Amino acid sequence: MRPLLVQHHIPKTAGTSLRQIARANYRPSEVEDIETLFGVGRIRPDWRWSRAIRRYGDAYRSLPREHRERVRCFIGHTAPLLLSAVDDRPVRAFTMLRDPVERVISLWSHAQWLVDRGDPTAWA
C-alpha cells in the first residue's frame, strides 16, 4: 500500500505553500485538511493531549476504508495527533522549519495585520 504523507503545518513556515503544492500534485480527493475533516479548530492550551490523540484515532478509524485508502496526504496544524492512529499503512511525516527569529517576526507581522483588519482572534 502507498505510504500516507502527513504534513505538520507550523504557522508561518511555508505550510500554506506546501498545501498548494500538494493540491497541485494530487487529485482533490487525495488531499485532506485534518482540521476540516475532523471538525477541530486551533490547538487550545486546555487540550489534554492523550484525549486529543484518542479523538484523532477514533476519527481516522471511523472513516470508510475506501476513503482512508484514497487519501494520500493529510495536512494540518494538528497533524502529529494523527501519527499514532495510522496503523493500516506506512506513514511519512514531514514539516517545514524556519529560522526562529524570522518566524517570530513574520508571526508578529501577521497578527498585527489581523488586528488592523479588526479580527478579534488575532492574539487568541
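Owing to the predicted nature of the structure, the values given are computational and were not obtained by experimental measurement. Computation of the quantities below employed the complete heavy-atom set of this structure, encompassing side-chain atoms and omitting hydrogens, waters and symmetry-equivalent molecules. Nothing fancy with the numbering, it's 1 onward along the sequence.
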Six-ring centre of Phe38, Arg55 cation under 6.0 angstrom, axis tolerance 45° = no
Residue pair Thr78 / His8, side-chain heavy-atom distance below 4.5 Å = no
query = So do the side chains of Leu81 and Tyr60 get within less than 4.5 Å of each other, counting heavy atoms only?
reply = no
inquiry  = Quick check on Arg2: does its CZ atom have over 12 non-hydrogen neighbours (other residues, nucleotides or ligands) under 6.0 Å away?
reply    = yes
What closest approach, in Å, do [X] and [Y] show between heavy atoms, and which atom pair accounts for it?
X: Ala22; Y: Cys73; result: CB-SG, 4.3 Å
X: Gln7; Y: Gly15; result: NE2-CA, 3.6 Å
X: Leu5; Y: Phe94; result: CB-CE2, 4.2 Å
X: Thr13; Y: Met96; result: O-CB, 2.9 Å
X: Tyr56; Y: Leu82; result: CD2-N, 4.2 Å
X: Ser84; Y: Ile53; result: OG-CG2, 3.3 Å

query = Hey, quick one: are Leu18 and Ile10 part of the same hydrophobic cluster, counting side-chain heavy atoms closer than 4.5 Å, chains of contacts allowed?
reply = no
request  = Find out if a path of hydrophobic residues (ILVMFWY) with successive side-chain heavy-atom gaps under 4.5 Å connects Leu4 to Ile34.
outcome  = yes
For [Y], is there any backbone N or O sitting under 3.5 Å from a side-chain donor or acceptor partner on [X]?
X: His77; Y: Pro11; answer: no
X: Glu32; Y: Leu37; answer: no
X: Arg103; Y: Leu97; answer: no
X: Arg68; Y: Arg61; answer: yes
X: Arg98; Y: Lys12; answer: yes

query = If you measure from the Lys or Arg side-chain nitrogens to the Asp or Glu carboxylate oxygens, is any gap between Glu66 and Arg70 under 4.0 Å?
reply = no
key: Pair Asp33 + Arg19: basic N to acidic O under 4.0 Å   = yes
message = So if I apply the side-chain contact (heavy atoms from CB on, under 4.5 Å) rule between Val6 and each of Leu83, Val86, Thr95, which one comes out positive?
response = Leu83
Which distance, rounded to the nearest 0.5 Å, do you find between the [atom1] of [X] and the [atom2] of [Y]?
X: Ser17; Y: Gln20; atom1: OG; atom2: CD; answer: 5.5 Å
X: Ile21; Y: Ile75; atom1: CD1; atom2: CD1; answer: 10.0 Å
X: Asp116; Y: Ser109; atom1: CG; atom2: OG; answer: 10.5 Å

remark   = Cluster membership besides Val101, Ile/Leu/Val/Met/Phe/Trp/Tyr side chains within less than 4.5 angstrom, sorted by chain and number, is Ile105
